[in-house]
2 protein chains.
Amino acid sequence: MWLRVDTRSHTPMYQQIIDGVKEQIARGNLKPGDRMMPVRELATTLSLNHNTVAKAYQELEREQVIELIRGRGTFVSSQSEVIDSENRKRELRDAMKKWLVDAHHLQMSEEEIMSMFHAVVVELREGKGGDML
Amino acid sequence: MWLRVDTRSHTPMYQQIIDGVKEQIARGNLKPGDRMMPVRELATTLSLNHNTVAKAYQELEREQVIELIRGRGTFVSSQSEVIDSENRKRELRDAMKKWLVDAHHLQMSEEEIMSMFHAVVVELREGKGGDML
DNA sequence: TGATTGTACTATATTGTATAGTACAATCAG
DNA sequence: CTGATTGTACTATACAATATAGTACAATCA
């Protein structure tokens, strides 16, 4: 079906859910208005506690990626974000810097870095067959 | 002088030290053979416990970025890494994917993404005036 | 009404992070 | 050799983040 979490990973499970949902939206596998799995159902599917899933969903709502409606369910937001974009772009820029520093430490040339960058761009642009959600 | 840590940040202080040292090496402000601050001195400078700094240094040594010599001090490694590069490149690729998904969620166009990417590359290439170390 | 769904608690356990203090070992300058 | 410096290695402690478990409540809808 869809999302997988890695229990052994160092990144928290609720964070993995957040990342996975965002990725599926980015891939177009989840579209605005789509209804998502209920917290309890996703929890049992992933062998997690429903509170953990709820935490992920609530963070996604805080970021305006999804909308939580009690009694009805969870839906992908129609205008996923827009807000807060300046702050988040600054964070993005910092993340990119850190990424490049690590790449430099791997002695990657600018050409190597560029080609890896483009490869991932292409993978995301056409690869609907993701392995996450 | 050099490195700063943000106590309120969610990223661990020892991790901030690791990132900062790597960045300074990437910038060329720290060169192979350079002697680094002793753990106790850096600890008091940053108002941290010496064990926290030692942990950061030991992780940097594990990654072969620096060399720790008891009684003498800490030195930037002459051949900083090379090892383990395949695994680390895979991690890098994953990080890049996550980054691009986030960028997509900020509704950044490929052109915007590219220009941010290049801006950071240039900043790292010529910007000796970093604010970290 | 009854099932489903999100929400909100409390309690508990585990892990990562960081501090504090102490002690030891290797190195080097004097 | 002495003494200071430096990295290393413990123990103990505290705190926060993460996750589980269980329960209960509120809104929605068939």
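Every chain is numbered from 1, with letters handed out A, B, ... down the list of sequences.
The closest side-chain heavy-atom distance from Val65(A) to Glu59(A) is not below 4.5 Å. Between Val101(A) and Asp19(B) the shortest side-chain heavy-atom distance does not fall below 4.5 Å. Residues Gln58(B) and Leu68(B) form a side-chain contact, since some pair of their non-hydrogen atoms from C-beta on lies under 4.5 Å apart.
One interatomic measurement links the two molecules: CD of Glu61(B) to C1' of dA9(D), which rounds to 15 Å at whole-angstrom precision. Between the NE2 atom of His10(A) and the C1' atom of dT14(C) there is a distance of 14 Å, given to the nearest Å. For the pair Ile17(A) CD1 and dT20(D) C1', the computed distance is 14 Å after rounding to whole Å.
Looking at Gln24(B), its side chain never comes within 3.5 Å of a backbone N or O of Val21(B) through a donor-acceptor pair. Distance alone, capped at 3.5 Å, is enough to place a donor-acceptor pair between the Thr45(B) side chain and the Glu41(B) backbone.
The ring pair (Phe, Tyr, Trp, His ring centres under 6.0 Å) test applied to Tyr14(B) returns no partner, not counting sequence neighbours. For the side chain to side chain contact (heavy atoms under 4.5 Å, CB included) test, residues two or more places apart in sequence or in another chain that qualify with Thr11(B) are Ser9(B), Gln16(B). Evaluation of the side chain to side chain contact (heavy atoms under 4.5 Å, CB included) rule for Ala95(B) yields Trp99(A) as partners, not counting sequence neighbours.
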Measure all distances between protein nitrogen or oxygen atoms and nitrogen or oxygen atoms of nucleotides 17-21 of chain C, and list the pairs falling under 3.5 Å.
unit_1  : atom_1 : unit_2   : atom_2 : d
dT17(C) : OP1    : Tyr14(B) : OH     : 3.1
dT17(C) : OP2    : Tyr14(B) : OH     : 3.0
dA18(C) : OP1    : Met13(B) : N      : 2.4
dA18(C) : OP2    : Met13(B) : N      : 3.4
dA18(C) : OP2    : Tyr14(B) : N      : 3.4
dT19(C) : OP2    : Asn49(B) : N      : 3.1
dT19(C) : OP2    : Thr52(B) : OG1    : 2.6
dA20(C) : N7     : Asn49(B) : ND2    : 3.4
dA20(C) : N6     : Asn51(B) : ND2    : 3.2
dG21(C) : O6     : Asn51(B) : ND2    : 3.0

Return the polar atom pairs (N/O with N/O) between nucleotides 4-6 of chain C and the protein under 3.5 Å, or none.
unit_1 : atom_1 : unit_2   : atom_2 : d
dT5(C) : O2     : Gly71(A) : N      : 3.4
dG6(C) : OP1    : Thr74(A) : N      : 3.4
dG6(C) : OP1    : Thr74(A) : OG1    : 2.6
dG6(C) : OP2    : Val39(A) : N      : 2.8
dG6(C) : N7     : Arg40(A) : NH1    : 2.9
dG6(C) : O6     : Arg40(A) : NH2    : 2.8
dG6(C) : N2     : Arg70(A) : NH1    : 3.1

What dot-bracket string describes DNA chain D from 5' to 3', counting Watson-Crick and G-U wobble pairs whose defining distances are under 3.5 Å, with [ ] for crossing pairs and | for pairs to another strand?
||||||||||||||||||||||||||||||
Report the C-alpha separation of Glu67(B) and Arg72(B) in whole Å, then their side-chain angles, then the decisive distance to 0.1 Å, and conclude whether the salt bridge (Lys or Arg N to Asp or Glu O under 4.0 Å) test is met.
CA-CA 10 Å; Glu67(B) 291 173 12; Arg72(B) 293 200 58 205; over 6 Å; no
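Minimum interatomic distance between Leu3(A) and Gly20(A) (heavy atoms only, all atoms of both residues): CD1-CA, 4.1 Å.
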